[in-house]
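Below is one structure, written out as structure tokens; the observations come after it.
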Amino acid sequence: MDDSLVPETRVLAVASHVVYGHVGNTMATFVMQSLGCEVAALNTVHFSNHTGYRQFKGTRATAQEISDLYQGLCQSNLTDFDVMLSGYAPSAAAVESVGTIGIDLQQKAEKKPGSFFWVLDPVMGDQGKLYVNDDVVPAYKKIVPFADLILPNQFEAEVLSGINITSLATLAEAITAIHRIYLVPHVIITSVQLFKLSQSGSTPSPPENFLTVIGSTTKSDGSPRLFRVDVPALDCFFSGTGDMFAALTVARLSEAVSAASNNLRATKSWVSPDSVAATDLPLAQATIKVLSSMHSVLEQTMESRNAELAKAVPAQNGDLIAEEQAKRDYLRQTKAAEVRLVRNTRVLRDPKIQFKVQDWRKEDLPAHLQ
């Protein structure tokens, strides 16, 4: 076997699809296949391009259509999946349909602990606001307890936990609450700007140009094992990075669990024994590789973006009104920032490890969580 490929992993990927660019399943499927996963893509929307262009054409799958596609797999015995990765769903009913699929796959695998693992990205909003209908939130809250790993951003973690994250202490409380309320064994909050949070304890925050990824796997008593990885922020907005993170996490977590010495692959939800330190958790080790690959891909994308924007733009016939010119400029900039995925497959498979995982110091936890 190619040493750069992860152990064979069969994945059902349920997410959006675009004709142009890499977001949703267009991102996730390629990433996981590049690392050696067998991927079946069940698409929840079919759009011409991602919504960051502020204009698109296409259709959203109904809950019934999503269910029908899965039933088609079932009738031909095509459900031998090791992992399900679920992302964007266009309605509350669609979220419920995706949840039904995940629960059914769990039930099919219940006699073989560890043989099926559900990674759920609860796509609801960002930057302090929802970009889904209000009824999607309770739909997610109903299915989150069935997931093995969830990947909320900071805002989504606040929505799920009911805790406003304003400090290191409240961040720890939010993760602990998610573990407790939903009994989710693994959580990664995919982007937190710690420099904006007030300090408690002795762990220094990274400088302003860094983002922090926070993860946790529960112990047998439900308490968190918290770790963090700080990564430099790049001065550009990219679409599809959450999907890339999720897809890489599927592959690298499967790899790390297979390499574990305690028969973790046959353990429910792949939860390590209590003796395993936070920094040694398969989830922590996977996260280092995930972020190293992502940072390299996005650096290359930045270079290509800057080169593309530096090219001279052909003159337009006649004078454009300011509004039309602004729109053309915006579309050009958005297109230039499309993630350069295909030509950077090498760093997906063989990342140069650039970051290190840190344990969350005990003194940084609120007293009742120590």
Side-chain angles (χ1 to χ4, degrees), residues 2-6 13 15-37 39 41 48-53 85 87 121 126 151 153 188 190-193 206-213 229-253 255 285-313 329-357:
D2 187 337
D3 289 341
S4 66
L5 300 181
V6 302
S16 59
H17 170 84
V18 293
V19 175
Y20 189 96
H22 292 95
V23 302
N25 260 346
T26 321
M27 169 71 80
T29 299
F30 181 86
V31 168
M32 290 186 287
Q33 288 174 334
S34 296
L35 290 168
C37 298
V39 184
S48 55
N49 47 270
H50 69 70
T51 58
Y53 284 90
L85 171 60
D121 184 359
D126 201 2
L151 305 173
N153 58 35
I188 297 180
T190 53
S191 57
V192 180
Q193 292 184 309
E208 185 170 345
N209 59 341
F210 273 71
L211 296 174
T212 299
V213 171
V229 183
D230 299 329
V231 297
L234 298 175
D235 187 20
C236 181
F237 177 79
F238 305 100
S239 293
T241 53
D243 305 304
M244 178 161 50
F245 184 94
L248 284 167
T249 297
V250 166
R252 293 305 182 188
L253 181 58
E255 176 186 55
Q285 295 303 308
T287 300
I288 297 171
K289 281 192 172 183
V290 168
L291 293 173
S292 295
S293 285
M294 285 188 65
H295 191 70
S296 294
V297 170
L298 295 179
E299 279 189 322
Q300 293 299 316
T301 298
M302 278 279 288
E303 289 185 14
S304 298
R305 166 189 173 271
N306 293 341
E308 186 170 332
L309 292 178
K311 294 177 182 176
V313 180
D329 291 343
Y330 176 81
L331 292 175
R332 180 169 178 259
Q333 291 166 9
T334 304
K335 177 177 179 292
E338 289 277 7
V339 176
R340 305 313 198 269
L341 194 63
V342 177
R343 296 188 66 85
N344 290 293
T345 305
R346 178 182 55 81
V347 296
L348 296 177
R349 287 188 174 185
D350 187 23
K352 178 182 178 183
I353 304 303
Q354 305 178 57
F355 312 115
K356 63 181 181 179
V357 62

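Values below: every heavy atom of this structure, side chains too, minus hydrogens, waters and symmetry copies.
- Under the 3.5 Å distance criterion, the side-chain polar atoms of S292 are matched with a main-chain donor or acceptor of Q354.
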Quiz item: Passes side chain to side chain contact (heavy atoms under 4.5 Å, CB included), T212 versus V229? Steps please.
Solution: CA-CA 6 Å; T212 299; V229 183; over 6 Å; no
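- Applying the 6.0 Å contact sphere to CZ of R332 captures more than 12 heavy atoms from other residues, nucleotides or ligands.
- For M302 against C236, the heavy-atom pair with the smallest separation is SD-CB, 3.3 Å.
- Partners of Y20 by side chain to side chain donor-acceptor pair (under 3.5 Å), not counting sequence neighbours: none found.
- Between P232 and F355, the closest heavy-atom pair is CD-CE2, 3.4 Å.
- With sequence neighbours left out, E255 forms a salt bridge (charged side-chain N to carboxylate O under 4.0 Å, His left out) with R252, K289.
- In this structure, T287 and T249 have side chains that are not in contact, with every pair of non-hydrogen atoms separated by 4.5 Å or more.
- With sequence neighbours left out, the side chain to side chain donor-acceptor pair (under 3.5 Å) criterion links N306 to no other residue.
- Here the CG atom belonging to L234 is positioned 10.0 Å from the CG atom belonging to N209, to the nearest 0.5 angstrom.
- The minimum heavy-atom distance between T241 and F238, with the atom names listed, is CG2-CB, 3.6 Å.
- Distance OG/S304 to CG/N344: 7.5 Å, rounded to 0.5 Å.
- Taking every heavy atom of both residues into account, T29 and A41 meet most closely at OG1-CB, 3.7 Å.
- Between atom CG of residue L248 and atom CG of residue L291 there is a gap of 9.0 Å, rounded to the nearest 0.5 Å.
- For the atom pair CD (Q300) and CZ (R305), the distance works out to 14.5 Å, reported to the nearest 0.5 Å.
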Quiz item: How far apart are the C-alpha atoms of V339 and V297, what are their side-chain angles, what is the distance that settles it, and do they pass the side chain to side chain contact (heavy atoms under 4.5 Å, CB included) test?
Solution: CA-CA 8 Å; V339 176; V297 170; 3.7 Å; yes
Quiz item: Taking it one step at a time, do V39 and F30 satisfy side chain to side chain contact (heavy atoms under 4.5 Å, CB included)?
Solution: CA-CA 9 Å; V39 184; F30 181 86; over 6 Å; no
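- Donor-acceptor pairing under 3.5 Å is lacking for the side chains of S191 and N153.
- The two atoms that bring A246 and L85 nearest to each other are CB-CD1, 3.8 Å, heavy atoms only.
- The CE atom of M27 sits 10.5 Å away from the OG atom of S16 when rounded to the nearest 0.5 Å.
- With sequence neighbours left out, D243 forms a side chain to side chain donor-acceptor pair (under 3.5 Å) with no residue at all.
- Counting only distance, with no hydrogens or angles, the side chain of S293 and the backbone of V347 share a donor-acceptor pair below 3.5 Å.
- Put simply, the side chain of Q285 does not reach to within 4.5 Å of the side chain of L253, judged on heavy atoms.
- Side-chain contact check for E338 and T301: no donor-acceptor pair (N or O, by modelled atom type) lies under 3.5 Å.
- A 4.5 Å side-chain heavy-atom check between V31 and L341 finds at least one atom pair inside the cut-off.
- Partners of R340 according to the salt bridge (charged side-chain N to carboxylate O under 4.0 Å, His left out) rule, which considers only residues two or more places apart in sequence or in another chain, are E308.
- T190 contributes atom OG1, which lies 8.5 Å from atom CE of M294 (distance to the nearest 0.5 angstrom).
- Residue A13 comes nearest to N25 through the heavy atom pair O-ND2, 3.0 Å, listed as atom of the first residue, atom of the second, then distance.
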Practice problem: Give the C-alpha distance, both sets of side-chain angles, the deciding distance and a yes or no for side chain to side chain contact (heavy atoms under 4.5 Å, CB included) between V213 and V290. | Solution: CA-CA 11 Å; V213 171; V290 168; over 6 Å; no
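- Counting heavy atoms from C-beta outward, S296 and K352 have side chains that stay 4.5 Å or more apart.
- Annotation: side chain to side chain donor-acceptor pair (under 3.5 Å) contacts of E299 (sequence neighbours excluded): H295.
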